[in-house]
Visitor: 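The structure that follows is given in the form of structure tokens.
Within every chain, numbering begins at 1; the chains are lettered A, B, ... in the order of the sequence lines, protein sequences first and strands thereafter.
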There are 2 protein chains.
Amino acid sequence: MTVSKTAEKSSEKPAETAKGRKDASEGPGEALQLGELSEQLGYVLKRAQLKVFENFLRCMASLQLTPAQFSVLLLVEKNPGRNQTEIASTLGILRPNFVAMLDNLESRDLCARIRSTNDRRSHILVLTDKGKAVLARAKKLVATKHEARLNELLGPSNREALLGMLSKIANEF
Amino acid sequence: MTVSKTAEKSSEKPAETAKGRKDASEGPGEALQLGELSEQLGYVLKRAQLKVFENFLRCMASLQLTPAQFSVLLLVEKNPGRNQTEIASTLGILRPNFVAMLDNLESRDLCARIRSTNDRRSHILVLTDKGKAVLARAKKLVATKHEARLNELLGPSNREALLGMLSKIANEF
DNA sequence: CGTTATTTGATATGGTCCATAACAATTATC
DNA sequence: GATAATTGTTATGGACCATATCAAATAACG
């Protein structure tokens with residue numbers, strides 16, 4: 001084909017069943033047809049993920065915690081005494097990229113690196129008292145504002161089903 | 001608290017119910033407890049999305065199409081005669097970032113920009129013959145390798161339920 | 001008509017996230 | 001004790017995302 005470089009006065013094809021889409025009568029712009037896109041798992045998944053993260057950030061605005069930072073605090077709380085490599089790798093964060101992240105959390109006095117006496121190469125990660133307090137407040141915000149929103153949108157049983165399917169995909173795809 | 005800057009010979013706390021996790025007997029490293037993380041919507045959603053994209057790229061390796069590029073081709077095919085702004089915005093892509101993307105697709109002769117005669121500012125987007133052919137092959141690959149994987153993992157009815165819930169989240173969260 | 005405002009594609013630029021290579025200090029291996 | 005491996009770190013580059021700005025074209029409006 002190679003397509004002629006100039007359109008012939010608007011009519012590549014009368015557009016399916018006519019209606020004269022883009023000639024004279026232009027309403028509010030006319031929404032595009034998503035078509036098969038709305039059935040693509042990756043597409044819908046990505047859009048949902050963006051919306052969820054966006055909502056998460058709004059809920060956490062007062063605490064200034066990103067999803068990634070929240071996950072670090074949760075994991076450190078649940079697994080005290082672990083070093084950077086262990087925490088980072090289970091979160092899928094590469095060690096080099098984890099450094100700046102910890103610098104941030106540590107500068108805000110939310111967690112601390114402690115040089116291990118077993119292996120003086122590694123830094124053991126611990127939540128500070130402030131970190132524990134902030135995490136506790138974060139959990140409440142997430143529960144009451146964020147996850148609650150999901151419940152009222154899908155219902156508890158659907159919510160559970162969704163989480164289950166996503167976990168399955170995350171682990172077995 | 002402010003945490004003493006050196007750990008006292010490995011024992012921030014005996015770790016829940018003992019078992020002497022990190023002292024002497026170290027097996028394969030001992031997996032960390034995800035805890036509440038595995039119930040966090042955002043966390044599971046993000047991980048699932050990464051896995052799905054990763055799988056998509058593998059399936060499309062022969063055609064060298066990313067999820068974003070595939071979505072552009074799909075949308076242009078379904079909505080011929082639209083300009084860059086329209087295609088980009090419905091995909092959530094900002095106009096400046098869409099330029100390089102189109103440069104790429106156009107350089108590979110998959111789509112073409114046609115200066116509109118109605119409005120000589122805008123470029124109308126069209127798939128080339130090669131673009132249509134590649135998209136057709138891409139659709140088959142996605143259907144047989146990618147989405148099929150999802151079906152055998154969840155079953156058709158669960159797949160439909162998942163897509164529905166994700167769409168709801170993407171649109172109403 | 002002409003002047004101003006808006007739109008479209010494009011460039012430049014900066015930020016964030018992700019990935020790789022390399023390094024010093026420390027520990028493990030042999 | 002010499003060599004290899006590990007830990008945290010730095011440097012760096014790529015991919016993606018966001019904003020400001022621009023020239024060309026069009027729209028709006030006096």
Visitor: Rounded to whole Å, please give me the gap between CG in A:N104 and C1' in C:dT16.
Guide: 13 Å
Visitor: What is the distance from CE of B:M101 to P of D:dG14, rounded to the nearest Å?
Guide: 19 Å
Visitor: Between B:E147 (side chain) and A:L41 (backbone), is there a donor-acceptor pair under 3.5 Å?
Guide: yes
Visitor: Please determine if B:K139 and A:E36 form a salt bridge, counting it only when a charged side-chain N lies under 4.0 Å from a carboxylate O.
Guide: yes
Visitor: How about B:F70 and A:Y43: are their ring centres within less than 6.0 Å of each other?
Guide: no
Visitor: Tell me whether B:R113 is salt-bridged to B:E106, with the criterion being a basic N under 4.0 Å from an acidic carboxylate O.
Guide: yes
Visitor: Rounded to the nearest Å, what distance is computed from the CG atom of residue A:L57 to the P atom of nucleotide C:dT16?
Guide: 13 Å
Visitor: Can you confirm if the aromatic rings of B:F173 and A:H146 lie within a centre distance of less than 6.0 Å?
Guide: yes
Visitor: How close or far is atom C1' of C:dA19 from atom CD of B:E54, stated in whole angstroms?
Guide: 14 Å
Visitor: Is there a donor-acceptor contact under 3.5 Å linking the side chains of B:R95 and B:Q84?
Guide: no
Visitor: For every nucleotide of nucleotides 6-11 of chain D, 5' to 3': is a protein heavy atom under 4.0 Å from its base (B), only from its sugar-phosphate (S), or from neither (-)?
Guide: BSSBBB
Visitor: A:L91 CG to C:dC17 C1': how many Å, rounded?
Guide: 15 Å
Visitor: Using heavy atoms to find the nearest nucleotide of DNA chain C for A:R120 and A:L94 separately, return the residue whose nucleotide is more 5′.
Guide: A:L94
Visitor: Whole Å only: how far is the CG atom of A:L50 from the C1' atom of D:dC16?
Guide: 11 Å
Visitor: How close or far is atom P of C:dT16 from atom CZ of A:F53, stated in whole angstroms?
Guide: 16 Å
